[in-house]
Amino acid sequence: MTRARGTSRPRLRLLPTILLTLAILALPTVVYAWGRASSSFGVVTVTVSGTDLVPRKKALKLLRRQYVGRNLFTVTAADVRKTLTPFCFVSGVRVDRDFPDTLAVTVDEYRPVAYVLSGDRWFVVDAGGHVICRAAVAARQLTGRPGPQPTAAEVDATGTAATEPGTGVPAPGAATPVSGQALEDRLLAGPARAALALPRLAAPGRIREGASIGDRGVTEMLGVVVALPRSLQRSLATVRSEQGQIELQFADGLAVRWGDAERTLAKTVALRTVLRRYASRGTTCTFMDLSIPDKTLARPVLQ
């Protein structure tokens, strides 16, 4: 009998602790339920941060129109992400509720690294090969001006655009050159009214917005672009790959035979080292072969 009483006392001592734990766990749920039903937490102020490519004023106007007056507890990150869908550079959002009435939105953006020509259209892609949007859409959002409209000469007898507006480039369904000098010319020209200083490259087949490019050649070319120092990325004009051999063309006329996608770091170091040496001699390098970075060849030959 004595043992039974002894074992019941610890259980009774634990009861207040259990009840306190349950109360602590239930408190957020109770507060959340009360907050959702209360009129004291209506959104009055909306703030936006993290925008670089996304037009902040337009995003803020859209968010205010959608959420001012709405209960702060009911606004989720998924709701805000959906609201900002018109802005192609938004990759995600984070929501912070600054009680009692401020909705703070932090925008995460895609970071474009190249223009990619696919068939007859230009696209903007990030380092991982994610297709952010069409180049024309990016230009429209970044400049705030409508894109070029097709001229009468660019519209065929059926009333559909025979070329991309303002470019003379064949539109979907038209015959498109995919190799040789025609492709080189298109890469050098780039998209019409390009709003970003990005290198251009071509992808085989068709790609679409929101998808990822799975082609190995494109992935390797993007890897080379990302590996370059920021200053060289800005001056890089085109990237081409022929049977796994990558070639770079810079805006200042420098042509680089990169070779395969191996030893990227060594090739990057060799490129910078050789360019610094030419600069110290007051000479412009016009060609460099980095296929074997340990035995880099360059022209003109320095004396």
Side-chain angles (χ1 to χ4, degrees), residues 50-55 58-59 62 77-94 107-143 147-148 160-161 163-167 169-179 183 186-187 189-228 233 236-244 246 261 264:
T51 55
D52 183 20
L53 299 173
V54 175
K58 290 184 178 180
L62 191 60
D79 294 334
V80 176
R81 176 67 183 89
K82 186 176 181 180
T83 301
L84 296 179
T85 298
F87 303 106
C88 63
F89 289 105
V90 176
S91 64
V93 297
R94 286 164 285 159
V107 176
D108 296 321
E109 296 181 329
Y110 290 111
R111 291 298 169 185
V113 298
Y115 285 116
V116 174
L117 177 64
S118 173
D120 43 40
R121 287 187 175 180
W122 286 98
F123 295 85
V124 181
V125 301
D126 69 4
H130 174 79
V131 183
I132 300 172
C133 62
R134 289 196 296 116
V137 174
R140 187 161 56 247
Q141 293 194 11
L142 292 171
T143 63
T160 59
T163 60
E164 283 280 18
T167 67
V169 175
T176 305
V178 294
S179 61
L183 177 59
R186 293 176 65 183
L187 289 178
R193 283 179 50 196
L196 297 166
L198 301 175
R200 286 89 65 188
L201 54 97
R206 299 277 181 173
I207 62 177
R208 59 186 179 85
E209 297 173 78
S212 294
I213 303 175
D215 181 76
R216 180 178 177 180
V218 174
T219 302
E220 291 178 346
M221 287 189 284
L222 291 175
V224 171
V225 172
V226 174
L228 294 176
Q233 285 184 28
L236 181 60
T238 68
V239 186
R240 294 194 63 183
S241 179
E242 292 288 343
Q243 298 181 343
I246 299 172
T264 299

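Position 1 is the first residue of the sequence, and the numbers go up from there.
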Quiz prompt | Heavy-atom check, side chain of Ile213 versus side chain of Arg208, under 4.5 Å | solution = no
Quiz item: Is a side-chain donor or acceptor of Gln141 paired with a backbone partner of Cys88 at a separation under 3.5 angstrom?
Solution: yes
Practice problem: Could you tell me whether Arg81 and Asp108 make a salt bridge, using a distance below 4.0 angstrom between a side-chain N and a carboxylate O? | Solution: no
Quiz item: Is the closest side-chain heavy-atom distance between Tyr115 and Leu187 below 4.5 Å?
Solution: no
Practice problem: Could you label the plane-to-plane angle of the His130 and Tyr110 rings as parallel, tilted or perpendicular, counting under 30° as parallel and over 60° as perpendicular? | Solution: parallel
Quiz item: Say you draw a straight line from CG of Leu196 to CG of Leu198; how long is it, rounded to the nearest 0.5 Å?
Solution: 4.5 Å
Quiz item: Does Gln233 use its side chain to pair, donor to acceptor, with the backbone of Pro199 at less than 3.5 Å?
Solution: no
Quiz item: So does Asp52 pair up with Arg111, basic N to acidic O under 4.0 Å?
Solution: yes
Practice problem: Give a yes or no answer on whether the side chain of Thr264 reaches the backbone of Gly223 with a donor-acceptor pair at less than 3.5 Å. | Solution: no
Exercise. To the nearest 0.5 Å, tell me how far Phe123 CZ sits from Ile132 CD1.
Key: 12.5 Å
Quiz item: When you look at Val116 and Val131, which way does the side chain to side chain contact (heavy atoms under 4.5 Å, CB included) test go after all the steps?
Solution: CA-CA 9 Å; Val116 174; Val131 183; over 6 Å; no
Quiz item: Looking at CG of Asp126 and CG of Leu222, how far apart are the two atoms once the value is rounded to the nearest 0.5 Å?
Solution: 8.5 Å
Quiz prompt | Donor-acceptor contact below 3.5 Å, side chain Glu109 vs main chain Leu53 | solution = yes
Quiz item: Do Met221 and Asp215 pass the side chain to side chain contact (heavy atoms under 4.5 Å, CB included) test, and can you show the C-alpha distance, the side-chain angles, and the key distance before you say yes or no?
Solution: CA-CA 10 Å; Met221 287 189 284; Asp215 181 76; 5.8 Å; no
